[in-house]
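Keep in mind that what you see is a predicted model, and the values were worked out from it rather than measured. For the single chain, residues carry numbers from 1 onward in sequence order.
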Amino acid sequence: MRFRVLGPVCLEPRTPSAPKQRAVLATLLVRAGAVVPAGALFDELWPDGPPRTAATTLQVYVSHLRKALIQGGHGRGPLETRPPGYLLRVEPGELDLRRFEELLSRGRAAFRACDFAAASGELTQALALWSGPALSGVPQGEALTAAAVRLDELRLEALELRIEADLRLGRHHEVTGELMELARAHPLREQLHCQLMEALRRAGRTTDALRAYRAVHRSLHDELGVTPGPALVRLHARVLSAHASEPVTAGAAAAVAAAPIGRPRAGSRRASGGPLPDVRVSRAHRRSP
């Protein structure tokens, strides 16, 4: 890839060292093939208002970018002046974002067609293009911040879809560790927690699945004041049913028999004054009191 935005903004063979030049490059790349007005670049480079020399300074930045692109073997260069601004031409295979979007589209299509092996393969390739948070390493104004949020959300969508395809293929053992890490990194993202609980349930780890539910319930309650949505609640009911049908081991039976009757365990949320999660099945989100 000659241009990279799925991680630190990069231009091969040499990325501009000046932060504002990289910001110009990033703004042009997320809108590659379209004219970016000079005013939009002013807003991105100087959020508090452009200086009197803004037009001249921007021309200097563009000139330096053109030289860097030509040195990279682009002949006359792909950066064109097009009123009312500039346009950056990108050839097929040069920009990691375009390649990611192509693979994501193919992965979605394969998943809809129930070709889960193909979906997992396409989405694995798409995710391999990422090297960190989108558009990192550049000062971000309003437009680049919004673009970074959109791209990071697309990455999570691709990740969730790839994991779902792997679960459909019976790879719950392979994805459990990955899901545990993702659940810690995204404590409010219910889809990931659903997938973690499902992987644990399929592996026969119903106790761990119930712990995972308690964790997401607590996070949603504490951070947003809501209870889990219908998908999580339905899955929780399935796990409870499976857990109830499991044989009780001798060790677990001894632990239950030894526990004081009528007294909560030390360290539990009830013992510390906090509420236990509401485990009643709900068909919709409920606001917590």
Side-chain angles (χ1 to χ4, degrees), residues 6-7 47 104 108 111 123 126-127 130 132-136 140-168 172 175-203 205-244 264-289:
L6 303 180
L104 176 57
R108 287 170 175 157
F111 191 93
L123 295 166
L127 293 164
W130 286 74
L135 299 168
S136 55
Q140 294 181 3
E142 185 175 343
L144 283 182
T145 297
V149 169
R150 180 182 71 84
L151 294 178
D152 286 334
E153 181 63 27
L154 279 179
R155 177 179 178 271
L156 279 173
E157 178 195 336
L159 188 57
E160 289 172 345
L161 195 60
R162 194 225 80 212
I163 290 172
E164 190 63 33
D166 286 341
L167 287 172
R168 301 289 182 95
H172 44 276
V175 300
T176 298
E178 179 184 14
L179 280 166
M180 286 181 171
E181 183 178 347
L182 288 167
R184 285 193 293 270
H186 304 279
L188 304 178
R189 198 165 181 97
E190 295 191 38
Q191 176 64 14
L192 288 173
H193 289 272
C194 267
Q195 291 174 326
L196 172 58
M197 289 179 62
E198 180 62 18
L200 291 168
R201 185 191 70 82
R202 293 186 184 186
R205 298 169 58 181
T206 57
T207 299
D208 291 331
L210 292 173
R211 289 196 186 103
Y213 179 81
R214 289 175 66 94
V216 66
H217 190 296
R218 186 179 301 114
S219 295
L220 291 168
H221 176 276
D222 293 348
E223 296 293 327
L224 303 178
V226 299
T227 52
L232 263 173
V233 171
R234 286 193 296 269
L235 181 54
H236 178 239
R238 290 180 66 191
V239 175
L240 278 176
S241 177
H243 186 70
R265 298 190 309 273
S268 71
R269 297 196 73 194
R270 187 179 296 276
S272 61
L276 287 173
D278 178 2
V279 297
R280 292 173 297 173
V281 176
S282 168
R283 296 187 63 83
H285 278 68
R286 300 185 302 275
R287 286 280 169 186
S288 298

Query raised in the report: Between Y213 and V233, is any pair of side-chain heavy atoms under 4.5 Å apart?
Result: yes

**Report entry** By side-chain hydrogen bond (donor to acceptor under 3.5 Å, both in side chains) - contacts of E142 (at least two apart)
**Finding:** none

Query raised in the report: How would you list, by chain and number, every residue that makes a side-chain hydrogen bond (donor to acceptor under 3.5 Å, both in side chains) with R184, sequence neighbours excluded?
Result: none

Query - For the student: nearest non-hydrogen atoms of T206 and A242, plus distance - result: CG2-CB, 4.1 Å

Report task. Take V175 and R162 through the side chain to side chain contact (heavy atoms under 4.5 Å, CB included) test and state the conclusion after the steps. Result -> CA-CA 10 Å; V175 300; R162 194 225 80 212; 3.9 Å; yes

**Report entry** Name of the residue among V226, L232, T227, D222 meeting side chain to side chain contact (heavy atoms under 4.5 Å, CB included) with H217
**Finding:** T227

Requested in this report: Can you see which heavy atom on L179 is nearest to which on A199, and at what distance?
Outcome: CD1-CB, 4.1 Å

Report task. Enter the distance from L196:CG to L182:CG here, rounded to the nearest 0.5 Å. Result -> 9.5 Å

Query raised in the report: Rounded to the nearest 0.5 Å, how far apart are CG of L151 and CG of L156?
Result: 11.5 Å

Query raised in the report: Would you call L220 and E190 a side-chain contact if the rule is heavy atoms closer than 4.5 Å?
Result: yes

Requested in this report: Mind checking side chain to side chain contact (heavy atoms under 4.5 Å, CB included) for A215 and listing every partner two or more places apart, or none if nothing turns up?
Outcome: none

Report task. List for me each residue that meets side-chain hydrogen bond (donor to acceptor under 3.5 Å, both in side chains) alongside E198, sequence neighbours excluded, and say none if there are none. Result -> R201, R202

Query raised in the report: With respect to Q195, which candidate in H193, Q191, M197 satisfies the side chain to side chain contact (heavy atoms under 4.5 Å, CB included) definition?
Result: Q191

Query raised in the report: Which atoms form the tightest heavy-atom contact between A126 and L104, and what is the distance?
Result: CB-N, 4.3 Å

Query - From CA spacing to verdict: side chain to side chain contact (heavy atoms under 4.5 Å, CB included), T176, D208 - result: CA-CA 11 Å; T176 298; D208 291 331; over 6 Å; no

Query raised in the report: What pairs with A143 under side chain to side chain contact (heavy atoms under 4.5 Å, CB included), at least two apart in sequence or on another chain?
Result: E44

Report task. Measure across A134 and A148 and return the closest heavy-atom pair with its distance rounded to 0.1 Å. Result -> O-CB, 3.8 Å

Query raised in the report: Of all residues at least two apart in sequence or in a different chain, which pass the side-chain hydrogen bond (donor to acceptor under 3.5 Å, both in side chains) check with R189?
Result: E153, E160

**Report entry** E178 CD to L192 CG distance, which is reported to the nearest 0.5 Å
**Finding:** 9.0 Å

Query raised in the report: Roughly how far apart are L167 CG and C194 SG, rounded to 0.5 Å?
Result: 11.0 Å

Query - Residues forming a salt bridge (charged side-chain N to carboxylate O under 4.0 Å, His left out) with R168, sequence neighbours excluded - result: E164

Query raised in the report: With sequence neighbours excluded, what pairs up with E157 under the salt bridge (charged side-chain N to carboxylate O under 4.0 Å, His left out) test?
Result: R108

Query raised in the report: Does some side-chain heavy atom of L235 sit less than 4.5 Å from a side-chain heavy atom of V239?
Result: yes

Query raised in the report: Can you name the residues that form a side chain to side chain contact (heavy atoms under 4.5 Å, CB included) with A203, not counting sequence neighbours?
Result: H172, H173, R205

**Report entry** R155: partners by side chain to side chain contact (heavy atoms under 4.5 Å, CB included), with sequence neighbours left out
**Finding:** L127, W130

